[in-house]
> 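Sending over a structure as structure tokens; questions will come in a sec.
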Amino acid sequence: MAGNKPRVSSFSRNFTAASNTISQIPGLKHGPNGTMFLSSGILDLDKILGGGFTLGSLVMVMEDPEAPHHMLLIRNFMSQGLVHNQPLLYASPAKDPRGFLGTLPSPVFSKDEKSRDRDAEQEKGLRIAWQYKKYFDEQNSEFQRDEKSEYCNDFDLRKPLERHFYSGQQIDCIRLEDSADLTTFHDRCSSFLSQTPRNDRNITCPGRIAIQSLGAPQCDFSDKECNMLSFVRSLKNTIRSSNAVAVITFPPSLFSPSFSKRLQHLADTLVSVKAIPDEDKELAKLLTGYQDMVGLLSVHKVARINTQVPTILEATTFSMKLQKRRSLILECLNQAPIDGSSGISYASSGSCTGSSKTGALDF
């Protein structure tokens, strides 16, 4: 009987206890090479990045000077953390950073909507025996039970976040104008990250840091490039040893090209957003669904921790759309079909040499 037991090597590591602990913490998901993911608050962006933002990484977003599309990313990121009861630190050059919490979107539980649509379809055309209806009721109750444990929610940009999501939570709002040389701000970030230390055996609730428009003209340190580089570098090192993710947006058009490149190099995940002109006829002919686009999102770098294998994405530029004018979605760019009258395509040509005569293939 002893010989039937499977042999386990002494060098193998048991991840059962760690996986059970992580499964009990909402908003965390296992990734490759022992990494863990934190949701960005946008389901499509999580899929593009391979699961979300890597825990312990620095995410930087390059702003567009013509449109505040970066606010869509930072709002969803903050709302997702508040829905999961995660500690949040928000810094902004605005005069009232805490008032920004009232503009965060509210979550929409898509599972409930799917169950309602399914029940409506069943009532219209499908008749089920009465003894099977109880199974659908049990599934609906499971959906309602798992609403709060969903990894990534769908957010309604038209509906503000309810007050109970952020009234009793640990939220630290900082005004960047109060930090003349970033020393005070760095101490606040360090004390916040010290509450979520990295410990594999005892994983605490992860934290989120959202810094809006670092180096904006309202800040006194906007012309101190060395101080900002030192701050970002120190913040990145501190995040590595904590269970948190930091998202920083910055306006590259206000900085020198060399300084902007150095900031981009410090980022683990680098994303940029760009507005689309309202009347660009050439772009409208080139892309399908141009009228529904609100902007473009480009992924320049994806965090790769505990590995040296780079990530190869199928596409790097995606269109930003508002589904039903409320939910932010990302789609791959598709080229508009070419009019048949403009020329002869390869499908309509009967010759491999490109001649317009139809007939047998000419090799």
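Sequence positions, counted from 1, serve as the residue numbers for this chain.
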> Examine distances only and state if a side-chain atom of Lys301 and a backbone atom of Ala267 form a donor-acceptor pair shorter than 3.5 Å.
yes
> So Arg175 and Pro93, do their side chains get closer than 4.5 Å, heavy atoms only?
no
> How long is the straight-line distance from NZ of Lys47 back to OG of Ser40, given to the nearest 0.5 Å?
11.5 Å
> Does the Ser194 side chain pair with the main chain of Ser191, one donor and one acceptor, at a distance under 3.5 Å?
yes
> How long is the span from the CG atom in Asp44 to the CG atom in Leu328, to the nearest 0.5 Å?
8.0 Å
> Determine the interplanar angle of the His186 and Phe231 rings, folded into 0 to 90°, and report it as parallel if under 30°, tilted if 30 to 60°, perpendicular if over 60°.
perpendicular
> Could you check, using the six-membered ring where one of them is a Trp, whether Phe100 and Tyr90 have ring centers closer than 6.0 angstrom?
yes
> Compare every heavy atom of Ile305 with every heavy atom of Gly56, then report the nearest pair and how far apart it is.
O-CD1, 4.3 Å
> Can you name the nearest heavy-atom pair linking Met60 to Leu263, along with the distance?
SD-O, 3.3 Å
> Does the side chain of Arg304 pick up a donor-acceptor pair with the side chain of Thr311 at under 3.5 Å?
yes
> Strictly distance-based, threshold 3.5 Å: is any side-chain N or O of Asp156 a donor or acceptor partner for the main-chain N or O of Arg158?
yes
> Pair Leu266, Leu229 - check side chain to side chain contact (heavy atoms under 4.5 Å, CB included), show working.
CA-CA 9 Å; Leu266 289 175; Leu229 282 175; 4.1 Å; yes
> With side chain to side chain contact (heavy atoms under 4.5 Å, CB included) as the test, would you mind laying out the steps for Thr54 and Leu49 before giving the verdict?
CA-CA 9 Å; Thr54 306; Leu49 299 178; over 6 Å; no
> Is the count of non-hydrogen atoms from other residues, nucleotides or ligands lying under 6.0 Å from His265 atom NE2 greater than 12?
no
> Nearest 0.5 angstrom please: Ser79 OG to Leu104 CG, how far?
4.0 Å
> Determine whether the side chains of Thr249 and Gln212 contain a donor N or O and an acceptor N or O closer than 3.5 Å.
no
> Applying salt bridge (charged side-chain N to carboxylate O under 4.0 Å, His left out) to Arg240 and Asp268, what does each step give before you reach the verdict?
CA-CA 11 Å; Arg240 279 289 191 273; Asp268 294 315; 2.8 Å; yes
> Do you see a donor-acceptor pair shorter than 3.5 Å between the side chains of Ser39 and Asp46?
yes
> Is there a donor-acceptor contact under 3.5 Å from the side chain of His70 to the main chain of Asp64?
no
> Can you find a pair of side-chain heavy atoms, one from Leu43 and one from Asn153, that are under 4.5 Å apart?
no
> Can you find a pair of side-chain heavy atoms, one from Tyr290 and one from Ile276, that are under 4.5 Å apart?
yes
> How about Leu193 and Leu235: do any of their side-chain heavy atoms sit closer than 4.5 Å?
yes
> Give a yes or no on whether Lys274 atom NZ has more than 12 heavy-atom contacts from other residues, nucleotides or ligands under 6.0 Å away.
no
> On a heavy-atom basis, which atom in Ile209 and which in Phe77 lie closest, and how many Å separate them?
O-CE2, 3.7 Å
> Give a yes or no on whether a salt bridge exists between Asp172 and Arg188, defined as a side-chain N under 4.0 angstrom from a carboxylate O.
yes
> Over all heavy atoms of both residues, which pair between Cys332 and Phe318 is shortest? Give the atoms and the distance, please.
SG-CE2, 3.7 Å
> Quick one: are Thr103 and Pro160 in side-chain contact, heavy atoms under 4.5 Å?
no
> Assess whether atom CD of Gln218 is packed by more than 12 heavy atoms of other residues, nucleotides or ligands within 6.0 Å.
yes
> Answer yes or no: is there a donor N or O on one side and an acceptor on the other, between the side chain of Ser230 and the main chain of Asn227, under 3.5 Å?
no
> Could you tell me the separation between the NE2 atom of His30 and the CG atom of Leu28, rounded to the nearest 0.5 Å?
9.0 Å
> Would you name the heavy atoms of Pro252 and Met62 that are closest together and state the gap between them?
CG-CB, 4.0 Å
> Report the distance from atom CD1 of Ile171 to atom CG of Leu89, rounding to the nearest 0.5 Å.
10.5 Å
> Mind checking whether Leu270 and Val61 have side chains closer than 4.5 Å, heavy atoms only?
no
> Check Leu38 against Gly207 and note the closest heavy-atom contact, atom names and distance.
CD2-O, 4.1 Å
> Are His300 and Ser272 close enough that some pair of their side-chain heavy atoms sits under 4.5 Å apart?
yes
> Quick one: pull up CG in Leu58 and CZ in Arg233 and give me the separation to the nearest 0.5 Å.
12.0 Å
> Give a yes or no on whether Met320 and Leu45 share a hydrophobic cluster (residues Ile, Leu, Val, Met, Phe, Trp, Tyr; joining criterion: side-chain heavy atoms under 4.5 Å apart).
yes
> Below 4.5 Å, heavy atoms only, C-beta onward: do Leu296 and Val273 meet side chain to side chain?
no
> Compute whether any side-chain donor of one residue and acceptor of the other, for Ser106 and Glu162, lie under 3.5 angstrom apart.
no
